Peer 1: 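For reference, the structure I am asking about is given below.
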Amino acid sequence: QLQLVESGGGLVQAGGSLRLSCAASERTFSGYVMAWFRQAPGKEREFVARIHRSSSFTYYTESVKGRFTISRDSAKNTLYLQMNSLKPEDTAVYYCAVGDRAGSIAIDFGSWGQGTQVTVSS
């Protein structure tokens, strides 16, 4: 079964940057749609961004457009999320996910990492 391990979270001041990484266990990494979701305390898991298989097409939720960049390195089996101009409302646990279709809801993705905490102070 595909395993995903996120890293790169932490505490940052508003306006700062972080880069999240998600290492995948399988070489078939390039054949999947990969995404980042986030979940703040007391809220539902929210779609952030996805990147499509091989074509590198990307899609973002409106609130992060122009600030976040999703990318993938198939040679390293790794997904990234570069987050710039961070805001306190970006505070959440960030999860990477892998699925077979280009969706924007959690049920579209069958494999998940354990999450990494991102905290943005004002």
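Quick caveat, the model's predicted, so the values are computed rather than measured.
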Peer 1: For Lys87 and Arg67: C-alpha separation, side-chain torsions, deciding distance, then whether side-chain contact (heavy atoms from CB on, under 4.5 Å) applies.
Peer 2: CA-CA 10 Å; Lys87 304 175 181 180; Arg67 300 189 299 123; 3.8 Å; yes
Peer 1: If I take atom OG from residue Ser21 and atom CG from residue Leu79, how far apart are they, to the nearest 0.5 angstrom?
Peer 2: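 Ser21 atom OG to Leu79 atom CG measures 8.5 Å (nearest 0.5 Å).
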Peer 1: Taking all non-hydrogen atoms of both residues, which atom of Val48 and which atom of Tyr94 are closest, and how far apart?
Peer 2: CG2-CE2, 4.4 Å
Peer 1: For the residue pair Trp112 and Phe37, is the inter-centroid distance of their aromatic rings smaller than 6.0 Å?
Peer 2: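 They qualify: ring centres under 6.0 Å apart.
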Peer 1: Can you find a heavy atom in the side chain of Phe57 that is under 4.5 Å from one in the side chain of Ile51?
Peer 2: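 Counting from C-beta outward, Phe57 and Ile51 never come under 4.5 Å.
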Peer 1: Could you please spell out the steps behind the side-chain contact (heavy atoms from CB on, under 4.5 Å) verdict for Val33 and Arg101?
Peer 2: CA-CA 6 Å; Val33 176; Arg101 55 185 178 182; over 6 Å; no
Peer 1: With sequence neighbours left out, write down each residue that passes side-chain contact (heavy atoms from CB on, under 4.5 Å) with Thr69, or none if nothing qualifies.
Peer 2: Tyr60, Gln82
Peer 1: Below 4.5 Å, heavy atoms only, C-beta onward: do Gln114 and Val5 meet side chain to side chain?
Peer 2: yes
Peer 1: With a sphere of 6.0 Å drawn around NZ of Lys43, does it hold more than 12 non-hydrogen atoms of other residues, nucleotides or ligands?
Peer 2: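 Check fails, neighbour count at 12 or below.
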Peer 1: Determine, step by step, whether Tyr80 and Ile70 satisfy the side-chain contact (heavy atoms from CB on, under 4.5 Å) criterion, reporting the C-alpha distance in whole Å, the side-chain angles of both residues, the deciding distance to 0.1 Å, and the verdict.
Peer 2: CA-CA 6 Å; Tyr80 301 100; Ile70 189 171; over 6 Å; no
Peer 1: What's the shortest heavy-atom distance between Ala97 and Leu4, and which atoms?
Peer 2: CA-CD1, 4.1 Å
Peer 1: Which pair of non-hydrogen atoms, one from Phe47 and one from Ala35, has the smallest distance, and what is that distance?
Peer 2: CE1-CB, 4.4 Å
Peer 1: Under 3.5 Å, is there a donor-acceptor pair between the Tyr59 and Arg50 side chains?
Peer 2: no
Peer 1: Side chains of Val12 and Thr119: closer than 4.5 Å at any heavy-atom pair?
Peer 2: no
Peer 1: Could you report the tightest heavy-atom contact between Gly99 and Phe109, atom names first, then the distance?
Peer 2: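 Shortest heavy-atom contact: N-CD2, 3.4 Å.
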Peer 1: Nearest 0.5 Å, please: how far is OG1 in Thr58 from CZ in Phe68?
Peer 2: 14.0 Å
Peer 1: With side chains defined as the heavy atoms from C-beta onward, is the minimum distance between Cys22 and Tyr95 less than 4.5 Å?
Peer 2: no
Peer 1: Glu6 side chain to Cys96 main-chain N or O, any donor-acceptor pair under 3.5 Å?
Peer 2: yes
Peer 1: Atom CG of Asn77 and atom OG of Ser25: how far apart are they, to the nearest 0.5 Å?
Peer 2: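 Separation between the atoms: 8.0 Å.
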Peer 1: Taking all heavy atoms of Ala24 and all of Leu2, pick out the closest pair and write down the distance.
Peer 2: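 Minimum heavy-atom separation between Ala24 and Leu2: CB-CD1, 4.1 Å.
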Peer 1: Who passes salt bridge (Lys or Arg N to Asp or Glu O under 4.0 Å) against Glu44, sequence neighbours left out?
Peer 2: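 By the salt bridge (Lys or Arg N to Asp or Glu O under 4.0 Å) rule, Glu44 matches no residue at all.
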Peer 1: Going by heavy atoms in the side chains, are Met83 and Asp90 under 4.5 Å from each other?
Peer 2: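 Of all side-chain heavy-atom pairs linking Asp90 with Met83, none is under 4.5 Å.
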Peer 1: Could you check Arg72 against Ser74 for side-chain contact (heavy atoms from CB on, under 4.5 Å), going step by step and ending with a plain yes or no?
Peer 2: CA-CA 6 Å; Arg72 63 196 294 173; Ser74 296; 4.2 Å; yes
Peer 1: Check each of Thr116, Val64, Leu81, Thr91 against Arg38 using the side-chain contact (heavy atoms from CB on, under 4.5 Å) test, and report the only one that passes.
Peer 2: Val64
Peer 1: Does the side chain of Gln13 reach to within under 4.5 Å of the side chain of Val120, using non-hydrogen atoms?
Peer 2: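 A side-chain contact is absent here, since even the closest heavy-atom pair is not under 4.5 Å.
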Peer 1: Between Thr78 and Asp73, do the side chains contain a donor N or O and an acceptor N or O under 3.5 Å apart?
Peer 2: no
Peer 1: Are more than 12 heavy atoms, taken from residues, nucleotides or ligands other than Gln3, located less than 6.0 Å from that residue's CD atom?
Peer 2: no
Peer 1: Closest heavy-atom contact between Pro88 and Ser122?
Peer 2: CG-CB, 3.8 Å
